[in-house]
Chemist: 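Got a structure for you, questions after.
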Amino acid sequence: MSLGVCLPGGGAKGAFQAGVLEALYDRGIKKYDSYACTSIGAMNGYYLYTENMDKMKKMWISEKKLCGKRFKSVDNIIDNSEDFKPLYELKKYRIPENSSFYINYLQVRNKIGKEIIVDISKFNHKNRVDYIKYSCALPYHQWGELFSIKEVKEYIKEGKFDGRNLDGGMVRNTYIDPLIENNVDKILIISTRHNFELPKRVKEKIDNNKIVIISPKTSVDNKEMLNFSSEFCSKMYKEGYDIGLKFDLDLLKK
C-alpha cells in the first residue's frame, strides 16, 4: 500500500508538524512513497526524507536556543540563510529509492508570477536544498513585517520581484496534486492550521476516504508565523508529538 504525505507551510507553526512527524517516525512510519511540501513543510520533510530526524528536532528544540532571533530583510525577502546552513551541510543522508519529493514555489518573470512544481528527488543534494530555499523565500518588509498576498501581487505587477523565486505558500500552501497524480493509496496531510479542512476544489479531485488529516487543536494567530521563540516552538512541537502518539495508525493502512 502506497502512502503520500503533504506538508504545508506555516513558519514557526511548522514546529507542530515536526512534532507529529517525529511521533509517527518513532511509531514506525519512517518513509513515504511520495512527498508534496511547501515552505517550512519542505524543510521538515527533507529532514525526514534524508533520515536526519535528530537534526529536524534540533532545528525546533535546542539548548542553544537557535529559535527566537529577529529576521532581517534582504531585497524584500526574509533572510533565512542561517537556518539553511545545517541543511546544506548535511553529511549523512540516505535517499529512499523510488520515492518522489515535490516542492512548489512562485517564479516571477516579466511581471508575471507562475507556480513551479519540481520533483527534487531527481537532483543532487545541493540542488535539492536550493529548491527548498526557493519555497521558503517569504516576502518581508524592511521594517520587519511579512508581505500580504495583496502586496505581493502589487509588487509583481510593478516588476519589483522580477527574477525572484518566492515562497510556495504565496500560490498554494496545501497542494496534493502530485500525490493524486501518482495515485497513492493514502494521503496524509499534516497541516499547521487549526482544525484544517480540505478546500472544496480538492475534495472534487479525490475520494475523501484516501485523505487523512492531522492538524493543531490549538488555535494560533497567523502573526505567530515568525514567533521562533524557544517557548512557542517547544509548545507547538509537544502538541504535535502528543497528537502523533495518539493518532490511529490503522487510518493509514485501510
Side-chain angles (χ1 to χ4, degrees), residues 7-18 37-47 50 52 55-90 103-109 113 115-116 118 120 123 125-156 158-173 192 220-234 236-237:
L7 301 175
K13 295 188 291 182
F16 168 84
Q17 191 180 78
C37 308
T38 301
S39 196
I40 198 67
M43 292 185 74
N44 284 332
Y46 194 64
Y47 278 119
T50 57
N52 281 285
K55 291 181 173 59
M56 181 192 72
K57 186 173 184 177
K58 185 178 180 181
M59 180 175 75
W60 296 107
I61 301 175
S62 172
E63 293 180 358
K64 294 181 180 179
K65 299 188 185 303
L66 298 178
C67 297
K69 62 183 173 61
R70 291 181 61 85
F71 289 99
K72 64 180 180 179
S73 176
V74 177
D75 296 329
N76 290 312
I77 300 293
I78 201 166
D79 181 12
N80 54 16
S81 54
E82 288 299 314
D83 300 279
F84 270 87
K85 277 186 179 180
L87 213 56
Y88 278 112
E89 294 172 357
L90 287 179
I103 64 96
N104 73 328
Y105 63 93
L106 177 62
Q107 182 187 78
V108 183
R109 303 290 186 272
E115 182 183 31
I116 303 295
V118 181
I120 64 173
F123 299 95
H125 170 66
K126 180 186 178 301
N127 288 339
R128 288 194 293 266
V129 179
D130 285 342
Y131 278 114
I132 293 172
K133 194 170 184 180
Y134 296 161
S135 189
C136 293
L138 271 171
Y140 192 62
H141 287 293
Q142 300 289 343
W143 55 85
E145 289 183 6
L146 290 172
F147 276 65
S148 67
I149 298 293
K150 181 180 179 181
E151 288 174 322
V152 170
K153 290 180 178 179
E154 290 173 352
Y155 266 52
I156 289 175
E158 294 170 5
K160 294 180 180 179
F161 279 131
D162 256 16
R164 308 300 299 274
N165 299 311
L166 305 179
D167 190 284
M170 297 291 102
V171 198
R172 280 189 295 174
N173 197 45
T192 61
V220 178
D221 194 287
N222 277 338
K223 293 180 180 179
E224 302 287 9
M225 280 184 62
L226 293 185
N227 182 6
F228 286 88
S229 68
S230 189
E231 179 182 4
F232 179 78
C233 291
S234 296
M236 294 301 295
Y237 198 98

Chemist: Does Ser73 have any side chain to side chain donor-acceptor pair (under 3.5 Å) partners at least two apart in sequence or in another chain, and if so, which?
Modeler: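 With sequence neighbours excluded, Ser73 shows a side chain to side chain donor-acceptor pair (under 3.5 Å) to no residue whatsoever.
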
Chemist: Under the side-chain contact (heavy atoms from CB on, under 4.5 Å) rule, collect the residues that match up with Asp162, sequence neighbours excluded.
Modeler: Val108, Lys111

Chemist: Look up atom CD in Gln17 and atom CE in Met236, then write down how far apart they are to the nearest 0.5 Å.
Modeler: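 Answer rounded to 0.5 Å: 10.5 Å.
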
Chemist: Taking everything shown except Glu115 itself, do over 12 heavy atoms lie less than 6.0 Å from its CD?
Modeler: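 More than 12 heavy atoms, drawn from other residues, nucleotides or ligands, come within 6.0 Å of this atom.
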
Chemist: Indicate the atoms forming the closest heavy-atom contact of Phe228 with Ala12, along with that distance.
Modeler: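 Closest pair (atom of Phe228, atom of Ala12, distance): CZ-N, 3.5 Å.
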
Chemist: Examine distances only and state if a side-chain atom of Asn44 and a backbone atom of Ala42 form a donor-acceptor pair shorter than 3.5 Å.
Modeler: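 No, the answer is negative, given that no donor and acceptor are paired below the 3.5 Å cut-off.
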
Chemist: Do you know which two heavy atoms are closest between Ile156 and Gly113, and how far apart they sit?
Modeler: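 Result for this residue pair: CG2-N, 3.9 Å.
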
Chemist: Can you tell me how far apart CG (Asn227) and CG (Asn222) are? Round to the nearest 0.5 Å.
Modeler: 12.5 Å

Chemist: Rounded to the nearest 0.5 Å, what separates atom CG in Leu226 from atom NZ in Lys13?
Modeler: 10.5 Å

Chemist: So Met225 and Val220, side-chain contact (heavy atoms from CB on, under 4.5 Å) or not? Walk me through it.
Modeler: CA-CA 9 Å; Met225 280 184 62; Val220 178; over 6 Å; no

Chemist: Keeping Asn173 on the side-chain end and Gly9 on the backbone end, is there a donor-acceptor pair under 3.5 Å?
Modeler: yes

Chemist: Please report the C-alpha distance between Phe123 and Tyr131 in whole Å, then the side-chain angles of each, then the deciding distance to 0.1 Å, and finally whether the ring pair (Phe, Tyr, Trp, His ring centres under 6.0 Å) criterion is met.
Modeler: CA-CA 10 Å; Phe123 299 95; Tyr131 278 114; 5.2 Å; yes

Chemist: Kindly determine whether Leu166 and Tyr105 satisfy side-chain contact (heavy atoms from CB on, under 4.5 Å), including the steps that lead there.
Modeler: CA-CA 6 Å; Leu166 305 179; Tyr105 63 93; over 6 Å; no

Chemist: With rounding to the nearest 0.5 angstrom, report the CD1 to SG distance, Ile103 to Cys136.
Modeler: 8.5 Å

Chemist: Show the nearest heavy-atom pair for residues Gly10 and Thr192, with the distance to one decimal.
Modeler: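 Distance-wise, the nearest heavy atoms are CA-OG1, 3.6 Å.
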
Chemist: Going through the checks in order, is the side-chain hydrogen bond (donor to acceptor under 3.5 Å, both in side chains) test met by Tyr134 and Asp167?
Modeler: CA-CA 6 Å; Tyr134 296 161; Asp167 190 284; over 6 Å; no

Chemist: Please check if the side chain of Ser135 supplies one atom and the backbone of Ser39 the other of a donor-acceptor pair under 3.5 Å.
Modeler: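 Yes.
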
Chemist: Can you name the side chain to side chain donor-acceptor pair (under 3.5 Å) partners of Asn127, sequence neighbours left out?
Modeler: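 Listed in chain order: Asn124.
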
Chemist: Can you list the steps and then say if Lys133 with Asn80 is a side-chain hydrogen bond (donor to acceptor under 3.5 Å, both in side chains)?
Modeler: CA-CA 9 Å; Lys133 194 170 184 180; Asn80 54 16; 4.6 Å; no

Chemist: Please check this pair: side chain of Arg164 against backbone of Asp75, looking for a donor-acceptor N/O pair closer than 3.5 Å.
Modeler: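 Yes, because the side chain of Arg164 sits within donor-acceptor range (under 3.5 Å) of the backbone of Asp75.
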
Chemist: Listed by chain and number, what are the side-chain contact (heavy atoms from CB on, under 4.5 Å) partners of Glu154, not counting sequence neighbours?
Modeler: Lys150

Chemist: Hey, would you say the Tyr140 and Phe147 ring centroids sit under 6.0 Å apart?
Modeler: no

Chemist: Of all heavy-atom pairs between Cys233 and Trp60, which one has the smallest distance, and what is that distance?
Modeler: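 Scanning both residues completely, I find the closest heavy atoms to be CB-O, 3.6 Å.
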
Chemist: Does His125 reach the main-chain N or O of Leu87 with its side chain, forming a donor-acceptor pair under 3.5 Å?
Modeler: yes

Chemist: If you define the side chain from C-beta out and look only at heavy atoms, does anything of Ile116 sit under 4.5 Å from Asn165?
Modeler: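 Sidechains of Asn165 and Ile116: no contact.
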
Chemist: My understanding is that only residues two or more places apart in sequence, or in another chain, count here; which of them pass side chain to side chain donor-acceptor pair (under 3.5 Å) with Glu158?
Modeler: Lys160

Chemist: Check side chain to side chain donor-acceptor pair (under 3.5 Å) between Lys223 and all other residues, then give those that pass, not counting sequence neighbours.
Modeler: none

